[in-house]
Amino acid sequence: LPSCNAVLEAYSQLGYPDRVRLLFDSMPERDMATWTIVLTAYSQLRHLALVEDVFNNMPFHDLFLWTAMLSAYSLSGNLSKCEKLFLSMKNVDFVCVNAMVTAYARNGHLEECKSLFDKTPSSNLVLQNSMLSAFCKAGYINDAKTLFDSMPERDLVSWNSILDVYCENGDLQETKFLFDLMPEKSTVSFNIMLAAYSQGQQVDLARKFFETMPEWDLVSWSTMLAMNTHNGRFSETIKCFGSMALEAVDADLVSFTSVLLGCNHAGDLKTGLLIFLSMGFDYGIENPTKQQYGCVIDLVARAGYLEVAESLILSMPFVAE
RNA sequence: GUUGGCUCUGGUCCAG
């Protein structure tokens with residue numbers, strides 16, 4: 001059973017919800033861990049109905065499962081259900097309180113977030129990191145800095161969070177200063193620094209910095225794609241998209257959006273269509289969003305193929321506006 | 001003496 005669960009969790013982390021489902025259905029016995037893994041897998045899909053179904057059909061509930069459910073409500077924007085569940089819980093621990101703190105922050109309720117944080121007797125590192133990130137999201141730079149400075153210990157997440165505060169605030173100098181000061185760095189740290197250059201309109205510096213990065217993940221590439229598109233450097237966007245494939249980093253919905261926007265701005269119908277089709281055929285992205293359909297329809301229509309544009313509109317999986 | 005839950009980074013259309 002533990003090994004089954006481990007495989008189940010691996011499928012979930014790799015993003016294979018279908019396999020999670022298949023394995024789950026075929027498992028002869030299941031324990032609490034099994035259910036929690038499945039619930040978490042579904043909640044990452046943002047498919048709340050499915051998650052609630054699992055939760056309600058559970059024979060037993062424990063703290064882990066409740067926390068996973070809190071997180072599911074939080075991710076899907078159901079703050080009131082989240083809060084209700086939290087208040088109904090008899091025992092809570094740090095992980096669970098932290099999930100609730102994050103839920104408030106994620107859904108724009110900084111007051112409640114801060115209040116729960118302050119109310120929690122002995123804070124810990126993760127909780128403080130969540131609060132840091134909450135201040136960042138709300139643009140409370142000074143509160144973030146005060147908290148960061150007062151923390152008895154800091155880990156990589158703390159540093160990345162405070163780095164992001166200055167990056168989001170558009171303070172390139174301070175971001176760079178902190179970045180150089182960091183005791184250790186991860187790809188996330190590099191990605192934040194890259195975003196700071198990009199936000200500061202320092203396209204050339206960003207490009208240079210990108211070259212020096214120890215490794216690139218999907219976020220690094222997406223940041224570059226978006227930057228090139230925003231600055232009207234369409235050929236760079238396409239070049240980037242090609243390099244990304246060469247590095248075997250699979251583009252996702254976010255990175256495709258930047259590329260399609262680039263095609264749109266450049267009025268490159270041929271490339272836009274190729275990319276749009278490749279998204280489904282080669283990358284298995286079956287659910288283009290309105291924004292992506294919008295790019296392609298715009299391109300097609302501007303090129304004068306009004307009938308094609310019309311049939312595209314009719315083929316969309318949602319109602320046209 | 002590790003089978004499961006929480007914290008950090010990317011596109012933001014539409015609307016206004």
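We name chains A, B, ... by the order of the sequence lines, and we start the count at 1 in each one.
- Aromatic rings of A/F179 and A/W159 (six-membered ring for Trp) have centroids beyond the 6.0 Å cut-off, not under it.
- The base of B/G11 does not come close enough to the side chain of A/D252 for any donor and acceptor atom to sit less than 3.5 Å apart.
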Full working for side-chain contact (heavy atoms from CB on, under 4.5 Å) between A/K81 and A/E52:
CA-CA 11 Å; A/K81 284 187 179 178; A/E52 281 183 314; 3.0 Å; yes
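- Comparing the C1' positions of B/G16 and B/U12 gives an interatomic distance of 14 Å, to the nearest angstrom.
- Here the two rings, on A/W35 and A/F64, have centers that are 6.0 Å apart or farther.
- Candidate nucleotides B/G4, B/C13, B/G10 were compared by shortest atom distance to the side chain of A/Q291, and B/C13 ranks first.
- Residue-level contact check: A/L218 touches the bases, meaning some heavy atom is under 4.0 Å from a base atom.
- If you check distances only, the side chain of A/D93 does reach the base of B/G5 with a donor-acceptor pair under 3.5 Å.
- As a whole-Å value, the separation of A/L147 CG from B/U7 P is 17 Å.
- Taking 4.0 Å as the cut-off between side-chain N and carboxylate O, A/E211 and A/K208 do not count as a salt-bridged pair.
- Note on A/S222: a base of the nucleic acid sits closer than 4.0 angstrom, heavy atoms only.
- Distance check: A/N169 CG to A/I141 CD1 gives 3.0 Å after rounding to the nearest 0.5 Å.
- As judged by a 4.0 angstrom heavy-atom cut-off over every strand, A/A33 is placed among the base-contacting residues.
- For the C1' atoms, the distance linking B/G4 with B/C8 amounts to 23 Å, nearest Å.
- A/T257 contributes a side-chain N or O that forms a donor-acceptor pair with the base of B/G11 under 3.5 Å.
- Look at CG on A/L163: it is 15 Å from C1' on B/G10, rounded to the nearest Å.
- OP1 or OP2 of B/U7 has at least one side-chain nitrogen or oxygen of A/R106 nearer than 4.0 Å.
- Counting to the nearest Å, the P atom of B/G5 and the CG atom of A/N91 are 20 Å from each other.
- Among the nucleotides B/G10, B/U9, B/U7, the one closest to any side-chain atom of A/T223 is B/G10.
- Within 4.0 Å (heavy atoms only), A/A226 reaches sugar-phosphate atoms of the nucleic acid but no base atom.
- Straight-line distance from the CG atom of A/L260 to the C1' atom of B/U12: 14 Å, rounded to whole Å.
- On a pure distance criterion of 3.5 Å, a polar donor-acceptor pair joins the side chain of A/T36 and the base of B/G4.
- In this structure, A/L70 reaches neither bases nor backbone, as no heavy-atom distance under 4.0 Å exists between it and the strands shown.
- The interatomic distance linking A/E168 (CD) with B/C8 (C1') rounds to 11 Å, in whole Å.
- Within the 6.0 Å centre-distance limit, the rings of A/Y293 and A/F318 are counted as a close aromatic pair.
- The side chain of A/V95 lies closest to B/C6, out of B/C6, B/U3, B/G10.
- Side-chain atoms of A/L63 lie closest to B/G5 of the nucleotides B/G10, B/C8, B/G5.
- Contacts of A/H230 with the nucleic acid, taken as non-hydrogen atoms under 4.0 Å apart, involve only primed sugar atoms and P, OP1 or OP2.
- Closest to the side chain of A/V188, out of B/U9, B/C6, B/G11, is B/U9.
- Note: CD1 (A/I37) to C1' (B/U2) measures 13 Å, nearest angstrom.
- Rounded to whole Å, the distance from CZ on A/F318 to P on B/C14 is 13 Å.
- Using a 3.5 Å distance cut-off with no hydrogens or angles, the side chains of A/R154 and A/N129 do not pair a donor with an acceptor.
- No engagement by A/Q128 is indicated, since no non-hydrogen atom pair under 4.0 Å with the nucleic acid exists.
- Look at CZ on A/F210: it is 16 Å from P on B/G10, rounded to the nearest Å.
- Closest to the side chain of A/L261, out of B/G10, B/G11, B/C8, is B/G11.
- Counting distance only, with no hydrogens placed and no angle test, the side-chain atoms of A/D217 and the base atoms of B/U9 include no donor-acceptor pair under 3.5 Å.
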